[in-house]
Novice: 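I have a structure here, written as structure tokens, and I will follow up with some questions on it.
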Amino acid sequence: MESSSDFKESPNLEKGPVSAVPLAHTDSKTSKESEAASQRRDPRQMATIEDDDERLLARIGYKQELKREFNKWSTVSYAISILGVLGSVPATFGSPVNAGGPATAVWAWFIGSCMAMCIASSVAELVSAYPTAGGMYFVTKHVVPKEHVAIWAWIIGWCNFLGQAGGVASLAYTISQMILAAAVMNSNYDPSTGLYSFTPTALQTVLLAILVLCLFGVICSLTTRSLHKIVLWFAPINILASISICVALLVLTPEKQSAKWVFTEVTDGSGWGSRGFSFLLGFLSVAWTMTDYDGTTHMSEETHDAAIRGPVAIRTAVLVSGLVGWMLTITFCFCMKDFDGIMSTPTGLPVAQIFLNAGGRTGGTVMWFFVILVQFFTGCSAMLANARMAYAFARDEAFPFSSFWSRVNHLTQTPINAVWLVVVFCSCLNLIGIGSTLTIVAIFNITAPALDLSYIAVIVAHRVYENRVQFIEGPYTLGRWSKPINAIAVSWVCFISVVLFFPTIRPVTATNMNYAICVAGFIALFSMSWWYIGARKKYTGPRTKDLLELLPAEDPEDLVNDYA
């Protein structure tokens, strides 16, 4: 679409009702009719359109390019699958238990899920007003003054893109670890040494992770209709498999821990000399799992009634995932009778050993298969969100060769180039794991803080500039609870981000140092250097027609057809 210079601006754009009309339609009769019609219509109702998504997108300022095939069920299923608790909880369970014991894992998950609901609700409220593939990145344009949009959008966009890319790369890496853990479980076991005959290497883990990324890319390159049909199954399999595994573990595990041990045992496994601080380090699992809330909104341009279904799906996913994740965490803790043996398992993942103890080699492998499958679903969903974010970012000229990355394939009607940009970028991140496990873990650890900080930056901007920048609310709002919930979300993310940058073990050595803060500093230095060296001369933020403010009385569909 062309720039907004084709339109005649009203001198009162910031104040609400507008009577701007295209220059080609400026005869006096049309002007009077347009002015009268605009006075009759309250522009604040604009974002409440539920059934005409293409018109809403036009009013926001973009032409519809992608196919809308996701309905309410596939949207909710997608939102639940991007959190993917059955895959993510087993992958991260060892961290909170090792840091602070079973009660830390149980209560950190519960508290973290409640805080996640506050963040998700705040995100849902904002993206309901502007449901685009850019998600919270695009909302930036409408919560900060015009002169600050470019720098704010640049920082938030890169935080969001890199945070999601780190998440996709880490998911592929953990899937690789899980597959290799299954191979270890099924290799020959020597009772005298307590070791298995197969031990995976760093090279094998990375190469398998890259293969997994390529599989993600193939699936995410399908048409939106095909993705809708596939995604529909993600949540049901996730929830049913989680319930079945919990029942199986509780029935098959011969000896279980007491309820007192599970719910009250807090230890100082971190060595920081404080059980309270060790408890805080236990939030790593829930922070890594319960994030990427705006992942669902990146599919907004492929979802029917996105202004409503996206926000509802986000909150539903956090509620369902919070409950299922808590159920899994409690079950795993009850099944840790041989605590030391499970934590030092040769499989590398404590939950894999819990499965092996309960179901033997065959039963454990079957349960582990569903964990891998759900984690694969999560990876596909995360890559889909990351690819749509890359498409939206490239559409606004934020990447080198942006016109290529933002191209929509004429056969599938999806941004395939953006998908494979993500595949290649995440593969490069995983290649670091061959030479340095510490560096790759540090990159993965930056995922949650980068994403959550990108969310609260928009929330803070909305509150700081709300008296200067008109924000047209969407159909989903928090009403009078909006400010308190926003305050809780911002306070929590600031607090927990500091905690998650601390080393998880003391004394701190080169091998156990948390290098996430170093990665964060490098990313910040790189992105801001790029900005000042050249990007600020070209990048202007989300590039729309500004049809939301310059909408004439005529039907917006005619406007888009005339001026696209």
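Quick caveat, the model's predicted, so the values are computed rather than measured.
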Novice: Do other residues, nucleotides or ligands put more than 12 heavy atoms under 6.0 Å from Lys256 NZ?
Specialist: yes
Novice: Report yes or no: do Ser226 and Thr223 form a side-chain donor-acceptor pair below 3.5 Å?
Specialist: yes
Novice: Indicate yes or no: at least one non-hydrogen side-chain atom of Thr414 is less than 4.5 angstrom from one of Val419.
Specialist: no
Novice: If we ignore hydrogens and angles and just use 3.5 Å, is the side chain of Gln375 paired with the main-chain N or O of Ser88 as donor and acceptor?
Specialist: yes
Novice: Is it the case that the side chains of Ser270 and Asp268 hold a donor-acceptor pair, with the cut-off being a distance below 3.5 Å and no angle test?
Specialist: yes
Novice: Evaluate the side-chain proximity of Phe355 to Leu249: yes if any heavy-atom separation is below 4.5 Å, no if none is.
Specialist: yes
Novice: Applying side chain to side chain donor-acceptor pair (under 3.5 Å) as the test, list every pair that has at least one member in residues 96-115; sequence neighbours left out.
Specialist: Trp109-Ser113
Novice: Please confirm whether the backbone N or O of Gly100 pairs with a side-chain atom of Arg275, one donor and one acceptor, at under 3.5 Å?
Specialist: no
Novice: Please give me the minimum heavy-atom distance between Pro475 and Ile308, naming the atom from each residue.
Specialist: CG-CG1, 3.5 Å
Novice: When you look at Arg388 and Thr297, which way does the side-chain hydrogen bond (donor to acceptor under 3.5 Å, both in side chains) test go after all the steps?
Specialist: CA-CA 10 Å; Arg388 297 309 186 258; Thr297 69; over 6 Å; no
Novice: Under 3.5 Å, sequence neighbours excluded: what are the donor-acceptor pairs made by side chains of residues 487-502?
Specialist:
residue, atom, partner, partner atom, Å
Ser491, OG, Ala487, O, 2.8
Ser497, OG, Val493, O, 2.7

Novice: Would you give the length of the straight line joining atom OG1 of Thr365 to atom CZ of Arg361, rounded to the nearest 0.5 angstrom?
Specialist: 7.5 Å
Novice: Quick one: sort the Phe110 and Trp326 rings into parallel, tilted or perpendicular, breaks at 30° and 60°.
Specialist: tilted
Novice: Could you check if a side-chain atom of Ile219 sits within less than 4.5 angstrom of a side-chain atom of Phe376, using non-hydrogen atoms only?
Specialist: yes
Novice: When you measure from the side chain of Thr264 to the backbone of Lys260, do you find a donor-acceptor pair of N or O atoms at a distance under 3.5 Å?
Specialist: yes
Novice: Would you say the side chains of Arg309 and Ser74 form a donor-acceptor pair under 3.5 Å?
Specialist: no
Novice: Anything under 30° is parallel, anything over 60° is perpendicular, the rest tilted; go ahead and classify Phe263 against Phe334.
Specialist: perpendicular
Novice: Looking only at heavy atoms, what is the nearest atom pair of Ala358 and Thr253, with distance?
Specialist: CB-OG1, 3.6 Å
Novice: To the nearest 0.5 Å, what is the distance between CZ on Arg463 and CD1 on Ile456?
Specialist: 14.0 Å
Novice: side-chain contact (heavy atoms from CB on, under 4.5 Å) for Glu466 and Lys483? Distances and angles first, verdict last.
Specialist: CA-CA 12 Å; Glu466 62 183 332; Lys483 289 185 178 180; 3.5 Å; yes
Novice: Going from CD on Glu265 to OG on Ser258, what distance comes out if it is rounded to the nearest 0.5 angstrom?
Specialist: 9.0 Å
Novice: How far apart are the closest heavy atoms of Cys118 and Ile485, and which atoms are they?
Specialist: O-CG2, 3.5 Å
Novice: Using the side-chain contact (heavy atoms from CB on, under 4.5 Å) rule, take Cys159 and Leu453 through it: C-alpha gap first, then chi angles, then the decisive distance, then the call.
Specialist: CA-CA 8 Å; Cys159 275; Leu453 288 170; 5.8 Å; no
Novice: Cys380 and Cys220: which non-hydrogen atoms are nearest, and at how many Å?
Specialist: O-SG, 3.4 Å
Novice: Less than 3.5 Å apart, any donor N or O on the side chain of Ser427 or Asn430 sitting next to an acceptor on the other?
Specialist: no
Novice: Quick one: does Trp272's side chain have a donor or acceptor within less than 3.5 Å of a partner on Pro503's backbone?
Specialist: yes
Novice: Between the main-chain N or O of Ala182 and the side-chain N or O of Asn186, is there a donor-acceptor pair closer than 3.5 Å?
Specialist: yes
Novice: Counting C-beta onward and ignoring hydrogens, is there a side-chain heavy-atom pair between Pro102 and Met336 closer than 4.5 Å?
Specialist: no
Novice: Taking atom CG of Asn160 and atom CD1 of Ile155, what is their separation to the nearest 0.5 Å?
Specialist: 13.5 Å
Novice: Kindly say whether Ala153 contributes a backbone atom to a donor-acceptor pair with the side chain of Thr140 at under 3.5 angstrom?
Specialist: no
Novice: One pair to check against side-chain contact (heavy atoms from CB on, under 4.5 Å): Ser321 and Met290. What are the steps and the verdict?
Specialist: CA-CA 8 Å; Ser321 298; Met290 303 286 272; 4.0 Å; yes
Novice: Just checking Trp261: does its CH2 atom have more than 12 heavy atoms from other residues, nucleotides or ligands closer to it than 6.0 angstrom?
Specialist: yes
Novice: Does Thr291 reach the main-chain N or O of Ala287 with its side chain, forming a donor-acceptor pair under 3.5 Å?
Specialist: no
Novice: What I'd like to find out is whether the side chain of Val97 reaches to under 4.5 Å of the side chain of Phe332, using heavy atoms alone.
Specialist: no
Novice: Which atom names give the shortest non-hydrogen contact between Val127 and Gly135, and what distance separates them?
Specialist: CG1-C, 4.2 Å
Novice: Check whether any side-chain heavy atom of Val266 lies under 4.5 Å from a side-chain heavy atom of Ser278, and answer yes or no.
Specialist: no
Novice: How far does CG of Leu451 sit from CE of Met136, to the nearest 0.5 angstrom?
Specialist: 11.0 Å
Novice: Measure the shortest side-chain to side-chain distance between Phe216 and Ile175 over non-hydrogen atoms and say whether it is less than 4.5 angstrom.
Specialist: yes
Novice: What distance do Phe93 atom CZ and Ile342 atom CD1 have between them, rounded to the nearest 0.5 Å?
Specialist: 8.5 Å
Novice: Tell me whether Phe339 at atom CZ has more than 12 heavy atoms from other residues, nucleotides or ligands lying less than 6.0 Å away.
Specialist: yes
Novice: Do the ring centers of Tyr130 and Phe471 come within less than 6.0 Å of each other?
Specialist: yes
Novice: Heavy-atom distance under 4.5 Å between the side chains of Phe283 and Ile111, does that happen here?
Specialist: yes
Novice: Please find the pair of heavy atoms, one from Ile354 and one from Cys335, that lie closest to each other, and give the distance.
Specialist: CG2-CB, 3.8 Å
Novice: Working note: Ser81 + Asn238, criterion side-chain hydrogen bond (donor to acceptor under 3.5 Å, both in side chains); need CA distance, chi angles, decisive distance, verdict.
Specialist: CA-CA 7 Å; Ser81 67; Asn238 188 350; over 6 Å; no
Novice: Between the main-chain N or O of Glu125 and the side-chain N or O of Ser128, is there a donor-acceptor pair closer than 3.5 Å?
Specialist: no
Novice: Apply side-chain contact (heavy atoms from CB on, under 4.5 Å) to Thr347 and Thr345, showing your working.
Specialist: CA-CA 5 Å; Thr347 66; Thr345 173; 2.9 Å; yes
Novice: Please check if the side chain of Ser176 supplies one atom and the backbone of Thr205 the other of a donor-acceptor pair under 3.5 Å.
Specialist: yes
